[in-house]
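Lettering of chains follows the sequences in order, A, B, ..., and the numbering in each one begins at 1. Excluded from the calculations below are hydrogen atoms, water molecules and symmetry mates; all remaining heavy atoms, backbone and side chain alike, are included.
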2 protein chains.
Amino acid sequence: MAQQTEAVRRTPLTRDRVLRAAVALADDIGIEALSMRKLAKELGVVPMALYKHVSNKEQLLDGMVDVVMGEIDPPAPGSNWKSTVRHRILSARRAFLGHPWAAQVIQSRSSPTPVVLAYMDSVIGMFRTGGFSVDLTHHVMHALGSRMMGITQELFDAPPAPRAQTAPSQEDAGEYPYVMELAGAVAHDEDSVLGRGCDDQFEFEFALDLLLDGFERLRQQGWSSAGHLRGKTP
Amino acid sequence: MAQQTEAVRRTPLTRDRVLRAAVALADDIGIEALSMRKLAKELGVVPMALYKHVSNKEQLLDGMVDVVMGEIDPPAPGSNWKSTVRHRILSARRAFLGHPWAAQVIQSRSSPTPVVLAYMDSVIGMFRTGGFSVDLTHHVMHALGSRMMGITQELFDAPPAPRAQTAPSQEDAGEYPYVMELAGAVAHDEDSVLGRGCDDQFEFEFALDLLLDGFERLRQQGWSSAGHLRGKTP
DNA sequence: ACCTGAACACCGTTCAAGT
DNA sequence: ACCTGAACACCGTTCAAGT
């Protein structure tokens, strides 16, 4: 035990080892509990030692995102743009699902790392190769937003459920009748795609396919933003 | 000056005054800089005095979101579901745009406040009244996600721009050719909807309308998730 | 030259001592 | 009963002193 600890300590600290330890620690204790001090302790190192490999916590978070991005499968060349984009995005989703904190972290960053930029470049390339104009590709990328990384834009972890503290009383049913109707259907309807609760993967693919189908329709129409100038008068 | 300070101090501290001061302070210094201690100082009060009105910082953030939600226009009844939903969402967007920190905060909450629940209820009601089945409405709400509040799921503040530190060199153009092509078009194309940079409002409405149109198509088809069971074999 | 302990300037929140 | 100062257990990061 003491030997193992020493062996671990003997392994020289590298940027890569710091980042991988940070990812593992965030997976374990959550991102809000992750601190430079705890990470240092985990690595058997004094807090200041980390600053030789990451210049500050911001850069640590950037590096952690890059580690997660590294788990995304390389693009699989396919015959049509839609399946290629779809597979890539669902692969990114798999990577991000393995690290629940990563979605939140990447959206808190102010600029993309080179690794993220490379991923975006590959997705943009799939649209361009698939016959999308530069103009349409631009709007399409905005419409995808973080969904491009397989990240769902849910508002809450469990949307149509009243706060845990408040028991779902008659009062709630009266105040939020539509929310209650939906929640009831989700809980009961065994014949639909929903078992207990929601099938997140189904919801993600539902929205993704709705968007991709919309993109394809616009592409076929030769859509251009030129017809939609700022004043909105055609 | 000292008189005014005293007058402010004389005004009794209420939950409402605490929340409004917190919103103003977050607007001013940013959400990451907002602390209980700074908020207390702003109100001319000792930090502990805040805890009489909000039980902790989490509840303060919940309350701040509720203040922003209060700026959303009441639902304007319209003839068709699409324009009603569209107007409500764009009104929410206006409220959230006035408080740039609010989008991030609402997505960090784990359960909706009653105020948020009431908003969701009204949106769900618009779909149900507009002829959407409970089943379709459920998936549609998931597909909207945080866009229901007018919140864009952009990945970064300025997506296709390399880090500020790194000058956009030839190297970048070689490594991210598609990103550069897009960035170039966005910067130059004066005839399209894009002036310098992106028109966020246009991008938001582009994606929203794409989704709403998709929803309408599914509604007309009488779409149901029953045909899309878990195994994906119809 | 490298490494690191102590220190600085903060946090959110508890708690006991004051009124 | 209410209010509040001091204290606790943390942060990220600087910096000067040690090797």
Look at the side chain of [X] and the backbone N and O of [Y], then say whether any donor-acceptor pair between them is shorter than 3.5 Å.
X	Y	answer
A:S91	A:D73	yes
B:R147	B:L211	no
B:D121	A:Y178	yes

Under a 3.5 Å cutoff, is there a donor and acceptor pairing between the side chains of A:T113 and A:D62?
no
Any chance the side chains of A:R88 and A:S122 put a donor and an acceptor closer than 3.5 Å?
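There is such a pair between these side chains.
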Every protein N/O within reach of nucleotides 8-14 of chain D N/O, cut-off under 3.5 Å:
residue	atom	partner	partner atom	Å
D:dC11	OP1	A:S35	OG	3.2
D:dG12	OP1	A:M36	N	3.2
D:dG12	OP1	A:K57	NZ	3.1
D:dG12	OP2	A:M36	N	3.0
D:dG12	N7	A:R37	NH1	2.4
D:dG12	O6	A:R37	NH1	2.9
D:dT13	OP2	A:Y51	OH	2.9
D:dT13	OP2	A:K57	N	3.0

If you take the centroid of each ring, where Trp contributes its six-membered ring, are B:H142 and A:F202 closer together than 6.0 Å?
no
Nearest-angstrom distance, P atom, D:dG18 to C:dC8
16 Å
Given atom CG of B:L50 and atom C1' of D:dC2, what is their separation to the nearest angstrom?
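In whole Å, D:dC2 C1' and B:L50 CG are 16 Å from each other.
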Whole angstroms only, please: what is the NE2-P distance between A:H53 and C:dT4?
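Distance check: A:H53 NE2 to C:dT4 P gives 11 Å.
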Check B:R94 with B:E71, please: is the shortest side-chain N to carboxylate O separation under 4.0 Å?
no
Paired stretches of DNA chain D - 3 or more consecutive Watson-Crick or G-U pairs, each distance under 3.5 Å
C:4-8 with D:12-16, C:12-16 with D:4-8
Parallel, tilted or perpendicular: rings of A:F127 and A:F132 (30°, 60°):
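Geometry flag for A:F127 against A:F132: perpendicular rings.
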